[in-house]
Amino acid sequence: MKFCLIVDDSRVVRKVARRILEDLNFEIAEAADGKLALEACLVRMPDVVLLDWNMPVMNGLEFLIELRQAPGGEVPIVVFCTTENDIAHIQAAIGAGANEYIMKPFDSDIIHAKFAQVGLL
Amino acid sequence: MNIDDFNLLSKLIKDRSGLTLTKDKAYLLESRLLPVARKWNLKSLDELVMRLRTRSEAGLVRDVVEAMTTNESFFFRDIKPFDQFKQVVLPFLLQARGANRTIKVWSAACSSGQEPYTLGMMLKEERQKLIGWNVDILATDLSTEILAKAQAGLYSQFEVQRGLPIQLLVKYFKQAGDRWQIDSAIREMVRYRPFNLLDELSGLGQFDVIFCRNVLIYFDQPTKQMVLERMAKQLAPDGFLYLGGAETVVGITDKFQPMANHRGIYHHANPAAAARVAGL
């Protein structure tokens, strides 16, 4: 079973994403901001991170940059999942090492398609 | 809806598009045809059928048929066929067509353009190998409305997220308001033309690759056979036919046979064709 860390400051979004990913047979952990997510990764590196951009304390991009420098942090597949939907944000995310990018609103079809694309399904 | 009305509509749709409308799909009539009724200022499906009975208006008939033909499509649908195209079909054709350096592809029932544009993007990605080559992509669909959408190359945020890798979105699309438009460089690689698969195919010319995915599932057995056997005549002796994941030629026609190691791809069913593609 693959392990997915869902990082989003909205409890509702985490819950929706959790339900979709549990149906796809993922083991799930949640974090409410980038800092908590980074701490969780250092304890146990996930196979995939579903990552919001705008969050308090540490945002998604800052988290990603730190993650990629951490020991073992090059391994997880990182899929952004954010309302930021302009080319500049997408390019910045790819430049920082994101593997895929979902523009909110999302549904199970999109999660399914994106996760299949990066070889998780 | 009474049985006479259902029969009238299903016969009309079958005659014009080949689509077989079974009773269990009757619910689709309501959801798809009410917008058509509204467009023609008719209050209900009953009125729509009445109008079809009393006057034969080409415009109304076309709207009804187009509304009933399914148009679901997405970029890199099923992924695998496109991987096969890049790794198997294209290298084969680059060798086999070395003399005239032309490859002809037909996307039959292209819907809103995702299939031909996926091919266009793939060919752009492979352009180093294609210097001096001419690749012609013909994309056809029954529906003129959907072809206009395909030609515009404008997609919703939802559509560009189903199957399209983010790197390709960034590379080949521009944001246009709340939608995304594929670059003119890719649009210009595709020729669009309205075409009914029930019509004679010989005017379309010969193709090296035919994509006919997720179309035949809507046809009954004799129609499937007719379309496949006509396609066999338009496919080069060493050409490739793609069908959808739920489709097959087995039990329908003996003109094609499945490729040994590549699910979903078919070639002419004769020893010469089999020998050419053996080992791919």
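Because only heavy atoms are used, hydrogens play no part in the values below, and waters and symmetry mates are left out as well, while side chains stay in. Chain letters run A, B, ... following the sequence lines, proteins first, then strands; residues in each count from 1.
- The two residues A113(A) and G163(B) come nearest to each other via the heavy atoms CB-N, 3.8 Å.
- Atom NZ of K86(B) has 12 or fewer heavy atoms from other residues, nucleotides or ligands within 6.0 Å.
- More than 12 heavy atoms of other residues, nucleotides or ligands shown are found within 6.0 angstrom of CD on Q181(B).
- Rounding to the nearest 0.5 Å gives a distance of 5.0 Å between CD of Q167(B) and CD1 of I94(A).
- Remark: M103(A) pairs with N85(A), I90(A), Y101(A), Q157(B), V160(B), Q161(B), L169(B), W180(B) by the side chain to side chain contact (heavy atoms under 4.5 Å, CB included) rule, at least two apart or across chains.
- Atoms CD and CG, on Q117(A) and L164(B) in that order, are 7.0 Å from each other to the nearest 0.5 Å.
- Put simply, CG on D109(A) and CZ on F158(B) are 5.0 Å apart, with the number rounded to the nearest 0.5 Å.
- At distances below 3.5 Å, at least one donor-acceptor pair connects side-chain atoms of E100(A) with backbone N or O atoms of I166(B).
- Residues of residues 31-63 of chain A lying under 4.5 angstrom from chain B, judged on non-hydrogen atoms, do not exist.
- In this structure, chain B has a heavy atom under 4.5 Å from the backbone of N99(A), while its side chain stays farther away.
- Within the structure, salt bridge (charged side-chain N to carboxylate O under 4.0 Å, His left out) contacts touching residues 165-184 of chain B (residues at least two apart or in different chains) are E125(B)-K171(B), K174(B)-D183(B).
- Enclosure of atom NE2 in H89(A) by more than 12 non-hydrogen atoms of other residues, nucleotides or ligands within 6.0 angstrom is indicated.
- For residues 14-46 of chain A, the pairs satisfying ring pair (Phe, Tyr, Trp, His ring centres under 6.0 Å) are F26(A)-F115(A), with sequence neighbours left out.
- Contact record, Q91(A) with V170(B): NE2-CG1, 3.4 Å, taken as the closest heavy-atom pair.
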